Protein chains: 2
Amino acid sequence: MSIREEKKQITKQAIMDAAITLFSANGFENTSIEELAKVAGVGKGTVYGYFQTKKEILHAFCENELDQIYKELVSLANPEAPILEQMLTIYMTEFKYVTQNKEFGRIFMRQTIFPDENDAKNFLKNEDKYFQLIFPILERAQGRDELRKDLELLHITGHFYGLYILLMSAWYSGRIPTEEISTAMELIFRQALEGLQPHSDSKSK
Amino acid sequence: MSIREEKKQITKQAIMDAAITLFSANGFENTSIEELAKVAGVGKGTVYGYFQTKKEILHAFCENELDQIYKELVSLANPEAPILEQMLTIYMTEFKYVTQNKEFGRIFMRQTIFPDENDAKNFLKNEDKYFQLIFPILERAQGRDELRKDLELLHITGHFYGLYILLMSAWYSGRIPTEEISTAMELIFRQALEGLQPHSDSKSK
DNA sequence: TGACAATTTCGACTGCAGTCGAGATTTAAA
DNA sequence: TTTAAATCTCGACTGCAGTCGAAATTGTCA
């Protein structure tokens, strides 16, 4: 690697490190780019050479972490457990992670769910990567006759994902307190499943 | 009404009018509060006497409109039509309205779904008002045995709402183009319904 | 090695959201 | 009507996100 590229790596990491430190200590809103630049040991303009906006810095950080978490998530769930249980494990873990810091989570969700024109493609790719991790789980569940086989995997994932967003929203607006999220998720996932299940007769109480 | 209150009414309206004019003409981002104040014929500080933030101005405008639309929405749907049809009518109309202006819609959705700490209570109240309009529709559907009676109305509304948000998100991230939204909504609502329907055997194709 | 091109760094600068307190207007009480 | 308190109005001011072009660093080729 050339000197130039090496330095770029180092500088980028320094900015990210400074971001983690300052965002964690003082929050996102209360951290100015100038301050961040100083801590990272670079000029303000340099920061903008690596990231286009302030939000993008936070996002780079979150995505890094999420990438880790996604892989963990999937390995976390017992592949032979009922699909409801697996989905609950996955989405509750994600929920807990994203809401660890309320402010981070809000910015992250806003950007992810309703991205700006320019970022849209990025988020799409990320989401797809995430969905790909979930597909095998759903396929196995289809194999076990826990999910209808005439539905597309994308639509099933989407269904769960939509309900997950709903819960996040309910939490952010204060409709559901933290300690009730788990119950609420089970309830609404079950509601969804009773339509997603292959057929008909009264199965789950 | 006292002179004071009268003047306040007039000023507030002037600000709102200026906002509508400028936001529509130049977009939200490209309109500065100073410009807006000038058009409204007041000082910058005065604007902040009526609205706490710039976003709040847009939001006041949107909510005004939405209030109208909600009432229309509900009267729009044929109360005896199948629940799927009614829900589609309502949510497609809302979708078309909110996405009329992509930028407005995005800001509106971001704030509504993931509100700031301070605004949360406001949005909650609004959402509830909205849900109240939908409840009668669901109740009638329950009466016609189109929806399970053992589910709470709030949970059913929530379910549809969550899927609606999902579609908005899919649209904003470019996953679903405008012309396919309607089909996608029908598909995913049907998916939901097949679990929401009272019982068991194959009913809808 | 020297010298020119390409890239990177920097902080002064611009523009705007939101604050603040001094002054103007309205209300209430005598 | 006078006066003092309450409320409203204003634009200068602060602080920060993001821009820009001049200067510094690195790469390239003779």
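When reading the values below, keep in mind they use all heavy atoms of this one structure, side chains included, and skip hydrogens, waters and symmetry mates. Each chain gets a letter, A, B and so on, in the order its sequence line appears, and its residues count up from 1. Computed from a prediction, not measured in an experiment: that's the story for all the values here.
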Could you check how far [atom1] of [X] sits from [atom2] of [N], rounded to whole Å?
X        : N      : atom1 : atom2 : value
B:Gln52  : C:dG18 : CD    : C1'   : 11 Å
B:Lys8   : C:dA24 : NZ    : P     : 21 Å
B:Asn30  : C:dA17 : CG    : P     : 10 Å
B:Ile10  : D:dT9  : CD1   : C1'   : 15 Å
B:Lys7   : D:dT9  : NZ    : P     : 8 Å
B:Ile15  : D:dC10 : CD1   : C1'   : 12 Å
B:Asn118 : C:dG18 : CG    : C1'   : 14 Å
B:Ile57  : C:dC16 : CD1   : P     : 15 Å

Problem set entry | Test ring-ring contact (aromatic ring centres under 6.0 Å, His included) applied to A:Tyr97 - qualifying residues, sequence neighbours left out | none
Exercise. Checking side-chain contact (heavy atoms from CB on, under 4.5 Å) for the pair B:Gln68/B:Glu65: CA distance, chi angles, key distance, verdict?
Worked result: CA-CA 5 Å; B:Gln68 305 294 331; B:Glu65 296 262 306; 5.5 Å; no
Exercise. Can the ring centroids of B:Phe104 and B:Phe28 be said to lie less than 6.0 angstrom from one another?
Worked result: no
For this session: Verify the contact: side-chain N or O of A:Lys54 to OP1 or OP2 of D:dC16, cut-off strictly under 4.0 Å; return yes or no.
Result: no
For this session: Kindly say if B:Ser2 contacts the phosphate of C:dT27, meaning a side-chain N or O under 4.0 Å from OP1 or OP2.
Result: yes
Exercise. Does any N or O donor sit under 3.5 Å from an N or O acceptor when you compare the side chain of B:Arg4 with the base of C:dT27?
Worked result: no
Problem set entry | A:Asn64 side, atom CG; A:Ile20 side, atom CD1 - distance, nearest 0.5 Å | 7.5 Å
Seminar exercise, completed: Value for CG (B:Leu163) from OH (B:Tyr91), rounded to nearest 0.5 Å, stands at 9.0 Å
Problem set entry | Residue-level proximity of residues 34-51 of chain A to DNA chain D when a heavy atom falls under 4.0 Å | A:Lys44, A:Tyr48
Exercise. Side-chain donor-acceptor pair under 3.5 Å between A:Gln13 and A:Asp17, yes or no?
Worked result: yes
Problem set entry | Residues B:Val98, B:Tyr164; criterion side-chain contact (heavy atoms from CB on, under 4.5 Å); working and verdict | CA-CA 12 Å; B:Val98 173; B:Tyr164 167 69; 4.0 Å; yes
Problem set entry | First encountered from the 5' end of DNA chain C, between B:Lys55 and A:Thr11 | A:Thr11
